[in-house]
Trainee: 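Before anything else, here's the structure in question.
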Amino acid sequence: MARLLYRLGVASARRPLLVITAWLLLLAGLAAAAIGGMRFADGGFEIGDTESSTALEVVGREFPSPSTPGIGSLQLVLFTKDGKPISGAPRGVVADVLARAATTEHVASASNPFDPARPSVSPDGTTAISTLSLRDITEDNRDAVHDVVVELAQQARDRGLGAEVGGSLGDPVPEVFGPTEVVGAVLAFAVLLLTYGSLAAAGANMLGALVGVGVGVLGLLAFSALSPIGTMTPTLAVMLGLAVGIDYCLFVLARFRAELREGRPLEEAIGRATGTAGSAVVFAGGTVVIALAGLAVIGIGFITEMGLAAAAGVTVAVLMSLTLVPALLKLMGRKALPRRERASDTSVGADRIGFLDRWIRLVVRRPVAVLVCAVAGLLVLAAPVLSLTTSLTTPGGEDPGSTRRAAYEQVAKAFGAGDQGPLVVLAEGDRVQDRLGEVTTALTGLDGVASVVPAGVNASGDTALLQVVPTTGPVDERTEQLVHDIRDRAGDVPGVRLLVTGQTAVGIDTDERLSAALGTYLIVIVGLSLLLLVVVFRSLLVPLIATAGFLLSLGAGVGVTVAVFQWGWLDPVFTAPQGNPMLSLLPVLIVGILFGLSMDYQVFLVSRMHEAHVRGLDPVEAVMDGFGRTAVVVVSAATIMTAVFAGFALSPSSLIGSIGLALTAGVVADAFVVRMVVVPALLTLLGRSAWWLPRWLDRVLPHLDAEGRALDEPSPVQRGEELRPLAEQQV
């Protein structure tokens, strides 16, 4: 593969303008297709093969409700602040506010909470709810309509009542690349500039990454014209595509600079950089792609979509680093080097890494002490994982300071915690209407049931709906237990079968399925990690060390995220709402993404140690030699990836922010602690036994050249295998 990539790099370098133009035309074409037809799915993160989702389909079929575009509803929650009945003196204020609401543009009607036929006043008499039916709602005006209703609430506050607005009018189209993400990209560019000491090199690196992520994300948005995608999908693709794109460019460009310093001609340096570092990029990128595409084994549609989209973005980043980067290198030439090195055509030595050199000497001299400190620190960071709670949605919205959350909490306080998260029970059986009394009695007798209300029977009389209001909230463990209790007693009434659905039940089922899938996926990922690393490093213990390190990094990443977003630590730093349960899909996504990234660092760092060991160096010398050759690049790459993910961690969306923070903490833990401390310390302690592999296993395993060592043999130039003679090279 190394020789094939060598030729690809040289071919791209000989036609740089053609390659760059092709990438830019592809970018422009995808942009036109995306702008003209991108679509986002309306559904949330539901799973389609659970009891709740199946029952929901039956409800939609047997109890159809008309779907009219442009309509919606909001709740105007009005309450007294002194605990007096709202039906007394404040009733006139309520009537006046609702009269104004009824005459407001886009408000079709405002329900009367004091209507004897359908009262909506809390048992303690302090709170009343009016449902505002809205019309002519569009993507462009829904925020303005919401603001109008908020203004009505303010009018009630001005007259002495408490007032909040409940509900929402839908989720906006996501901001794929917002201000915080731009900050992350700027920080990454600053790191590149410090790493290279060359504006041209830093600019080429960033340009290549931006073109790659642009092609990947615009391609995804263009595809959405054929099949709508989830609102979170493009954001994840941007996050990963930008991070790995910058890193993969860095690996190739850093090797190119090293080849120039050794005195190689320009095209030879480009070819060797693409063949060597490019081989590592292909392997590392392939590992990330496998990990992300492997999310499909979970069998959950929206998880599969997000994994495949992110995998596509990583694939584009790999292709970009193997074609566009060589073209940019040809145009840049020796400007890739710092100004002081450009005048000389001979080697001037490697980058100075004095601090890293002193660091690795400390690790190999005191392996036990640094190992204990590193592992203890990672375990402390991982400790919050023990209190991790997950939920498909956050009741009342994710922002604790919003009027929507305040309305939710007021209704929960006045009407009961389960009032806004009722369960829908579907009763099926012949002449089910005659058995509704028995069904209602059976359900009412269960622990945790506040009320049971029949809600209708279908035309054929074999299916009925009942609304079961729990005494506890939608994300309470007791509500989850109630769902299981109803299902356990689904056949208690002869001739009637009960199914539980509704938004609360769907959330519970999805959360449970994702939790179960996480265990399966971890087994798959750990098994894949062990297999791949045994093949690459020809060792049994090194893969075990690498996998244990990945688990430590995963624990640290998730633990820090729990402490910040669930416990509320560092609230002034992060703009996203805190104090909510983590979204159910977060752990699964973090496992897949962080696994791929951690294997990147493992391959780039330890493969050089393995190479030194194969050359016959003492185990400690092999660790120091491999570390010295690659540490500066790995540190730069990890710093860049940290900057990119940190930008996403500052997003106002708690989902994007939590993923960004988990990846930020995970990458820092993996690159700077696991790969720079834990792995070298363990390899030092194990000595030659770290590289042991049974002979029979060595014979049957395939040989992978993840670092392009084949190019250390006589090069294509030396063997006369050039695509064109060197005399015909472009100047």
Trainee: Do Ile593 and Leu240 touch side chain to side chain, with heavy atoms closer than 4.5 Å?
Mentor: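 A side-chain contact under 4.5 Å exists here.
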Trainee: Go through it in stages, so that I can follow the logic: the residues are Phe672 and Val635, the test is side-chain contact (heavy atoms from CB on, under 4.5 Å), and I'd like the CA-CA distance, side-chain angles, deciding distance and then a yes or no.
Mentor: CA-CA 7 Å; Phe672 297 105; Val635 167; 3.9 Å; yes
Trainee: In Å, rounded to the nearest 0.5 Å, how long is the span from CG of Leu650 to CZ of Phe574?
Mentor: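 Here the interatomic distance stands at 6.5 Å.
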Trainee: Please check: side-chain N/O of Gln566 versus main-chain N/O of Thr561, any donor-acceptor pairing under 3.5 Å?
Mentor: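 A pair under 3.5 Å: no.
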Trainee: Counting C-beta onward and ignoring hydrogens, is there a side-chain heavy-atom pair between Val288 and Phe595 closer than 4.5 Å?
Mentor: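 Not in contact.
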Trainee: May I ask you to decide if Ser224's main-chain N or O and Ser227's side chain share a donor-acceptor pair within less than 3.5 Å?
Mentor: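 Pair absent, no side-chain N/O of Ser227 close to backbone of Ser224.
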Trainee: Would Leu250 and Ser636 count as a side-chain contact (heavy atoms from CB on, under 4.5 Å) here? Give the steps.
Mentor: CA-CA 8 Å; Leu250 170 65; Ser636 299; 3.8 Å; yes
Trainee: So for atom CG, which belongs to Asp488, do other residues, nucleotides or ligands contribute more than 12 heavy atoms lying within a distance under 6.0 Å?
Mentor: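 Yes, enclosed.
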Trainee: Do Asp399 and Arg405 sit within salt-bridge range, that is, some charged N less than 4.0 Å from a carboxylate O?
Mentor: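 So Asp399 does not pair with Arg405 through a salt bridge.
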Trainee: If we only count heavy atoms from C-beta on, is the Leu242 to Leu210 side-chain gap below 4.5 Å?
Mentor: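 Yes, their side chains come closer than 4.5 Å.
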Trainee: Taking C-beta and beyond as the side chain, do Leu544 and Leu541 meet within less than 4.5 Å on heavy atoms?
Mentor: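 Yes, side chains in contact.
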Trainee: Would you name the heavy atoms of Ala33 and Ala222 that are closest together and state the gap between them?
Mentor: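 Heavy atoms only, the tightest pair is CB-CB, 3.8 Å.
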Trainee: Verify, without hydrogens or angle tests, whether Glu398 (side chain) and Asn580 (backbone) share a donor-acceptor contact under 3.5 angstrom.
Mentor: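 The answer is no, because no donor-acceptor pair under 3.5 Å joins these two groups.
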Trainee: Look at the side chain of Thr664 and the backbone N and O of Ala646, then say whether any donor-acceptor pair between them is shorter than 3.5 Å.
Mentor: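 Side chain of Thr664 to backbone of Ala646, a donor-acceptor pair under 3.5 Å: yes, one is there.
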Trainee: Counting only N and O atoms by type, is there a donor-acceptor contact under 3.5 Å from the side chain of Arg538 to the main-chain atoms of Val535?
Mentor: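 Looks like yes, one N/O pair under 3.5 Å.
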Trainee: Does the pair Glu409 and Gln420 meet the rule for a side-chain contact (heavy atoms from CB on, under 4.5 Å), with working shown?
Mentor: CA-CA 10 Å; Glu409 293 175 348; Gln420 298 173 96; over 6 Å; no
Trainee: Using the rule given for side-chain contact (heavy atoms from CB on, under 4.5 Å), can you reason through Val634 versus Met676, listing the C-alpha separation, both sets of side-chain angles and the distance that settles it, and then say yes or no?
Mentor: CA-CA 9 Å; Val634 171; Met676 296 287 176; 3.7 Å; yes
Trainee: Where is the tightest heavy-atom contact between Ala309 and Ala237, given as atom of each residue plus distance?
Mentor: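 Answer, listing the atom of Ala309 first, then Ala237: O-CB, 4.2 Å.
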Trainee: Between Ile303 and Leu585, is any pair of side-chain heavy atoms under 4.5 Å apart?
Mentor: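 Ile303 vs Leu585: side chains touch.
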Trainee: About how many Å separate CG of Leu221 and CD1 of Ile229, when rounded to the nearest 0.5 Å?
Mentor: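 One gets 5.5 Å once the value is rounded to the nearest 0.5 Å.
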Trainee: For Trp569, I'd like to know if atom CH2 has over 12 heavy atoms of other residues, nucleotides or ligands within 6.0 Å.
Mentor: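 Not more than 12 within 6.0 Å, no.
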Trainee: Would you mind reporting whether Leu522 and Leu554 have side-chain heavy atoms less than 4.5 Å apart?
Mentor: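 They are in side-chain contact.
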Trainee: Looking at Ala638 and Val667, what are the two nearest heavy atoms and their distance?
Mentor: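 For Ala638 versus Val667, the nearest heavy atoms are O-CG1, 3.9 Å.
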Trainee: Are any non-hydrogen side-chain atoms of Ile486 and Leu423 less than 4.5 angstrom apart?
Mentor: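 Sidechains of Leu423 and Ile486: in contact.
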Trainee: Ignoring hydrogens and angles, state whether a donor on the side chain of Ser553 or Ser598 is under 3.5 Å from an acceptor on the partner side chain.
Mentor: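 Result is no, nothing qualifies.
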Trainee: Please report the shortest heavy-atom distance between Leu570 and Val564, naming the atom on each side.
Mentor: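 Looking at all heavy atoms of both residues, the shortest contact is CD1-CG2, 4.3 Å.
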Trainee: Could you verify whether a donor N or O on one side chain and an acceptor N or O on the other, from Thr639 and Thr642, lie under 3.5 Å apart?
Mentor: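 No pair is found: no donor N or O on one side chain lies under 3.5 Å from an acceptor on the other.
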Trainee: Do Val244 and Leu597 touch side chain to side chain, with heavy atoms closer than 4.5 Å?
Mentor: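 Side-chain contact under 4.5 Å: yes.
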Trainee: How many angstroms lie between atom CZ of Arg513 and atom CD1 of Ile508, to the nearest 0.5 angstrom?
Mentor: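 Separation between the atoms: 14.5 Å.
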Trainee: What's the spacing between Glu51 CD and Thr501 OG1 if we round to 0.5 Å?
Mentor: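 Reported value, rounded in 0.5 Å steps: 8.5 Å.
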Trainee: Ignoring hydrogens and geometry, is there a side-chain-to-backbone donor-acceptor pair from Thr504 to Gly421 under 3.5 Å?
Mentor: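 Here the side-chain-to-backbone pair exists.
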Trainee: Looking at Arg39, I want to see if its CZ is surrounded by more than 12 non-hydrogen atoms of other residues, nucleotides or ligands under 6.0 Å.
Mentor: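 Yes, the 6.0 Å shell around CZ holds more than 12 heavy atoms from other groups.
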Trainee: How long is the straight-line distance from CG of Asp247 back to OG of Ser321, given to the nearest 0.5 Å?
Mentor: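 The OG atom of Ser321 sits 11.0 Å away from the CG atom of Asp247.
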Trainee: Minimum heavy-atom separation for Met582 to Ser658, with atom names?
Mentor: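 Closest heavy-atom pair between Met582 and Ser658: CE-CB, 3.7 Å.
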Trainee: Salt-bridge test for Arg487 and Asp509: reply yes if a basic N is under 4.0 Å from a carboxylate O, no otherwise.
Mentor: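 Salt bridge: yes.
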Trainee: Between the main-chain N or O of Ser584 and the side-chain N or O of Thr390, is there a donor-acceptor pair closer than 3.5 Å?
Mentor: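 Judged by distance alone, no pair lies under 3.5 Å.
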Trainee: Out of curiosity, Ile545 CD1 to Leu682 CG, how far, rounded to the nearest 0.5 Å?
Mentor: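 It comes to 4.5 Å.
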Trainee: Give a yes or no answer on whether the side chain of Thr287 reaches the backbone of Phe283 with a donor-acceptor pair at less than 3.5 Å.
Mentor: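 It does hold such a pair.
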Trainee: What heavy-atom pair brings Ile640 and Ala188 nearest, and what distance separates the two atoms?
Mentor: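 It is CG2-CB, 3.8 Å.
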Trainee: Ignoring hydrogens and geometry, is there a side-chain-to-backbone donor-acceptor pair from Gln602 to Arg675 under 3.5 Å?
Mentor: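 Side chain of Gln602 to backbone of Arg675, a donor-acceptor pair under 3.5 Å: no, none is there.
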Trainee: May I ask you to decide if Gly397's main-chain N or O and Thr394's side chain share a donor-acceptor pair within less than 3.5 Å?
Mentor: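 Side chain of Thr394 to backbone of Gly397, a donor-acceptor pair under 3.5 Å: no, none is there.
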